[in-house]
Amino acid sequence: MKIRWLGHSAFSISTPNDVNILIDPFIRDNPACPVEVEDLKADIICVTHGHKDHFGDTIEIAQKNAATIICNHEHSVYLSQQELETMGMNMGGTVKADGISFTMVNAFHSSDMDFIDGIGPGGSSCGFIMELENHRKIYHSGDTSVFGDMKTVIRNIYQPQIALLPIGDRYTMGIREASIAASWIEPEVIIPMHYNTFPVIEQDPERFKDLVEKSTDTKVAILQPGETYQE
Ligand code: NI
Ligand code: MN
């Protein structure tokens with residue numbers, strides 16, 4: 001399994017059976033992203049919410065790859081009107097695609113479809129728990145504050161081994177809150193995201209790593225945009 005960070009909250013995951021999952025593919029306008037839209041392969045695209053820095057190039061990539069978009073109900077209604085293949089869902093639900101389970105979980109954040117002129121309401125922001133063919137579970141939290149369900153619902157029900165968490169502050173939790181999230185979720189590995197894309201979310205990931213690793217058994221894998229975590 002390979003998890004490649006594309007900068008910000010964008011990841012490309014290649015599963016043990018070679019299914020390509022893209023999450024929050026903010027590529028073209030992402031100053032931290034080292035790849036081109038044309039270089040990406042996707043069978044499935046997960047979207048956590050409608051803000052441009054997450055929805056990104058979803059439509060173009062889905063069209064080029066005939067990918068299925070897994071997203072909230074409101075986005076699904078809009079995107080299926082654009083002749084795109086979608087699996088709309090909502091909090092607490094699970095869908096299965098290409099042998100992978102996707103569970104939609106809460107995120108505390110806002111969401112409108114600001115990629116549409118005139119802006120439409122975009123349903124709720126969310127996170128995803130992805131269970132791969134080998135039963136490893138990856139939690140992508142989307143944009144969120146720290147919240148109590150991480151300690152109960154996320155940890156007790158889903159028990160993800162790998163967590164992708166924002167540390168940028170201002171629009172999401174920052175380093176202090178994300179280190180508390182780490183102690184609540186208790187994953188084996190955290191890959192920090194949503195930082196250093198823009199000056200307003202500048203953070204030192206080494207500080208996060210120190211804080212988490214001195215207080216928990218969780219390892220923090222700091223990636224540079226374009227780098228891959230593999231297991
Ligand atoms: Ni956002
Ligand atoms: Mn964001």
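Numbering starts at 1 and runs along the sequence shown. The shown structure was predicted, so the numbers you read here are calculated from the model rather than taken from an experiment. Ligands are counted one by one from 1 in listed order, and the atoms in each one are counted from 1 as well. Values reported hereafter were calculated over all heavy atoms of this structure, with side chains retained and with hydrogens, waters and symmetry mates removed.
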Specify which N/O/S atom of Asp143 comes nearest to the Mn ion (ligand 2), by atom name. OD2
For Asp53, what is the atom name of its N, O or S atom nearest to the Mn ion (ligand 2)?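 Nearest N/O/S atom of Asp53: OD2.
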Min side-chain heavy-atom separation Glu231-Ile162 under 4.5 Å: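 Glu231 vs Ile162: side chains touch.
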With the side chain counted from C-beta on, respond yes when Ile154 and Pro160 share a heavy-atom pair under 4.5 Å apart, and no when they do not.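 They are in side-chain contact.
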Hey, is the Mn ion (ligand 2) within less than 2.8 Å of some N/O/S atom on His54? yes
Counting backbone and side chain alike, does His194 bring an N/O/S atom below 2.8 Å of the Mn ion (ligand 2)?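 Here the distance criterion (N, O or S atom, under 2.8 Å) is met by His194, so yes.
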Minimum-distance N/O/S atom that His51 presents toward the Ni ion (ligand 1):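 When I compare the N, O and S atoms of His51, ND1 is nearest to the Ni ion (ligand 1).
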Check all N, O or S atoms of His109 and name the one closest to the Ni ion (ligand 1).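 Checking each N, O and S atom of His109, the shortest distance to the Ni ion (ligand 1) belongs to NE2.
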Taking both backbone and side-chain atoms into account, decide whether His54 has an N/O/S atom under 2.8 Å from the Ni ion (ligand 1).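 Given the 2.8 Å cut-off, His54 does not count as a ligand of the Ni ion (ligand 1).
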Could you confirm whether Asp143 has any N/O/S atom lying under 2.8 Å from the Ni ion (ligand 1)?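 It does: Asp143 brings an N, O or S atom closer than 2.8 Å to the Ni ion (ligand 1).
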Tell me whether Lys137 is salt-bridged to Glu188, with the criterion being a basic N under 4.0 Å from an acidic carboxylate O.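 Here Lys137 does not pair with Glu188 in a salt bridge, since their nearest N and O are not under 4.0 Å apart.
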Assess the side chains of Asp53 and His8: does a donor N or O sit below 3.5 Å from an acceptor N or O? yes
Distance-only donor-acceptor check, side chains Thr86 and Ser76, under 3.5 Å: yes
Within the side chain of Glu213, is there an N or O that forms a donor-acceptor pair under 3.5 Å with the backbone of Val220?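 A pair under 3.5 Å: yes.
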